[in-house]
Amino acid sequence: MGRSHVIVVSIVFAIAAAALSVGSMSYLSRYRAGSEEQARLNVFAQRGLVRAQSTLNDIRAILFTLNALSVKPCSAEHIAILRRLTANTRSVDEIDYFENGLLKCTSWGGITDERIEQPAADFITEDGIKVTIRMVPLVSKGNPVMAAQYNAYGVLTVPERFADVIVDEGIQLVIASDTGKILSTLNSPNEQLAARIIADPQNVEDDNFLFSVERSAGFIAIALEPKRYLFIRLHKEDMLFVPIGILLAVLAIGCVFMRTRRRLSPLGELIIAVKKHELIAHYQPIVELASGRCVGAEALLRWQRPDGEVLRPDLFIPLAEESGLIGAITDQVIGLVVRDLQAMLVSDRSLHVAINLSADDIKDGRGLDAIQAALADTGIENRQIWLEATERGFIDITSACLTLGHARELGHAVSVDDFGTGYSSLSSLQKLPLDAVKIDKSFIDKIGTDSASSSVTPHIIAMAKTLHLGIFAEGVETQGQADYLRNQKVEYAQGWLFSAAMPVEEFISYYKKNREQFPD
Ligand code: C2E
Ligand code: CA
Ligand code: CA
């Protein structure tokens, strides 16, 4: 993924994260406003139910009391009782007494002339009370009332008593029987809407009203309110949640920004390169100076970027060492060597590959374990893998001794890379279990020049000989340098004079050609 691609993806992510934060908070505010308003309506619907039930209970109690009377019907004593009960019961406005379906007397007194029939019921409650929802009072002929009858007695009441509840501003109430008949209302609700709600409460969605339905013991209560109240509450919730949403959006954008910055940082790119196996190995031939024979190669890393650019290790190895990523990189190099050269190494036991170990690999011996794991079951022999370590890897001399000693026991040859540039004393180098030194290119560059430091080169070579170690020279670019080194009894060399590091296919053909030219 190129930088511009990463930036575009990050912008898309940031926008999505911000939209999600603000969107989810405003959804939450909508949800809370809706459910809180709904809960408020529930409370009023519940109150309506309680009111309706207690009104019906009052009426029921009166009716049962009346039915238990044993006085002579429509006697003065009977009518006095009816009158007293009417006066003492809030829910009762009139009591009627019927005989053979005809009104005989009421709490107002006896009936003489009119032939008034017992009213037909709109519905009958479970305990047998017949309810007529709206009827003109039989005697007073006043406003329509509700009648409840049980056997010979009827009780009249104003329907408003069923919905007589104290409500907040804007709340309307509908009380209906469970058969769906509206008994009573409060604050003039739209009765058509109420009828639709009673018929199918789940599927009514009204543009202007919010409602809640409660049912219990024969009654349905509906509390309604104009949606304007919902919007007022929504506004309040928004004042709380939208700023939180904006804060979350800022945080989310911040996170995406940090991630992108990390992703676009050199280390971020290197981590991804390791993950995506963008690192490849090139191989630089190592040549025996006396014969010109290629005895092996040094594996040198290259970072092949998706855009085709190839980066040299100097640009990323120091960063990998600093960040601790080098361990993973060493593992990949070993894997690459096995993948690239397993067949060659198995078929030609005189071929060697040198691998560079970092200070970290040596310090904890982890590099060695990784090498053993990678070579297991490949047929490659340990002695075919040479290990190179710079003097920086020997800072902790005890662990270096351990790791290098172990490496040699396993059969690897170990050499000191960049020999001559470090500060290790001869005596400390002498303590280390080593096989060879690799004289640094800076000393090879001086060969044949008049510079004062050119005189150092023979000393470096002499030092290596003092240590009784094999000698490699690196960075050999001219025939003069090669001749000089051969005369100085330096055994092996590596450099552009022979070949630069090259991709594996090129190295294989170089090696084959070299072997034809210099057979055993
Ligand atoms: P080094 O191990 O000292 O590798 C030798 C460097 O000198 C290589 O550079 C090689 O390409 C270059 N070189 C060889 N012959 C000549 C020559 O005749 N003239 C000139 N001018 N240069 C020559 P390269 O490949 O850029 O590697 C640089 C350094 O990166 C290496 O130095 C080594 O320290 C490190 N490195 C490379 N691959 C790895 C690896 O797999 N692991 C670790 N830990 N370090 C690596
Ligand atoms: Ca090296
Ligand atoms: Ca070197």
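Every number for a ligand or one of its atoms is a count from 1 in the order of the listing.
Among Lys441, Glu298, Lys438, Gln284, the residue whose heavy atom lies closest to atom 21 (N) of ligand 1 is Lys441.
A salt bridge links Arg408 with Asp435; the closest basic N to acidic carboxylate O contact falls under 4.0 Å.
Polar contact with ligand 1: present for Arg302 (N/O pair, distance under 3.5 Å). Note: no N/O pair closer than 3.5 Å links Gln494 and ligand 1 by distance alone. The distance criterion of under 3.5 Å between nitrogen or oxygen atoms is met by Leu301 with respect to ligand 1.
In summary, the atoms of ligand 1 found under 4.0 Å from a heavy atom of Arg312, numbered by their order in the structure, are 9 (O), 11 (O), 24 (P), 25 (O), 26 (O). Applying the 4.0 Å criterion to heavy atoms of Glu474 picks out, from ligand 1, the atoms 3 (O), 5 (C). Shown in contact with Gly495 at under 4.0 Å from a heavy atom are these atoms of ligand 1, numbered in order with element: 15 (N), 18 (O). Set against the non-hydrogen atoms of Gly475, the atoms of ligand 1 under 4.0 Å away are 15 (N), 16 (C), 17 (C), 18 (O). Applying the 4.0 Å criterion to heavy atoms of Asp418 picks out, from ligand 1, the atoms 3 (O).
By the salt bridge (charged side-chain N to carboxylate O under 4.0 Å, His left out) test, Lys236 pairs with no residue at all, sequence neighbours left out. For Ala370, the side chain to side chain contact (heavy atoms under 4.5 Å, CB included) test picks out Asp331, Ile334, Arg366, with sequence neighbours left out.
Remark: minimum distance from atom 28 (C) of ligand 1 to any protein heavy atom is reached at Asp314 OD1, 3.2 Å. Protein heavy atom nearest atom 41 (O) of ligand 1, with residue, atom name and distance: Val333 CG2, 3.4 Å. Shortest contact from atom 19 (N) of ligand 1 to any protein heavy atom: Glu477 OE2, 2.5 Å. In terms of protein heavy-atom proximity, atom 35 (C) of ligand 1 is closest to Pro313 CB, 4.2 Å. Of all protein heavy atoms, the one lying nearest to atom 45 (N) of ligand 1 is Asn356 CB, 3.7 Å.
Under a cut-off of 6.0 angstrom, the local environment of CZ in Arg392 is sparse, with at most 12 non-hydrogen atoms contributed by other residues, nucleotides or ligands. For Arg259, the CZ atom is loosely surrounded, since the number of other residues' heavy atoms within 6.0 Å does not exceed 12.
Looking at Val476 against ligand 1, only its backbone comes within 4.0 Å, counting heavy atoms.
Relative ring orientation between Trp386 and His352 is described as parallel, the plane-to-plane angle staying below 30° on a 0-90° scale split at 30° and 60°.
Between Val416 and Lys438, the closest side-chain pair of non-hydrogen atoms is not below 4.5 Å.
Looking at Asp440, Leu434, Leu467 one by one, the single match for side-chain contact (heavy atoms from CB on, under 4.5 Å) with Phe419 turns out to be Leu467.
Listed by chain and number, Glu298 OE2, Asn356 OD1, Glu388 OE1, Asp417 OD2 are the protein N/O/S atoms closer than 3.0 Å to the Ca ion (ligand 2), with waters left out.
Every pair passing side-chain hydrogen bond (donor to acceptor under 3.5 Å, both in side chains) that includes a residue from residues 367-376 is listed here, sequence neighbours excluded: Gln372-Asn382, Gln372-His412.
For Val295 against Arg515, the heavy-atom pair with the smallest separation is CA-NH2, 4.2 Å.
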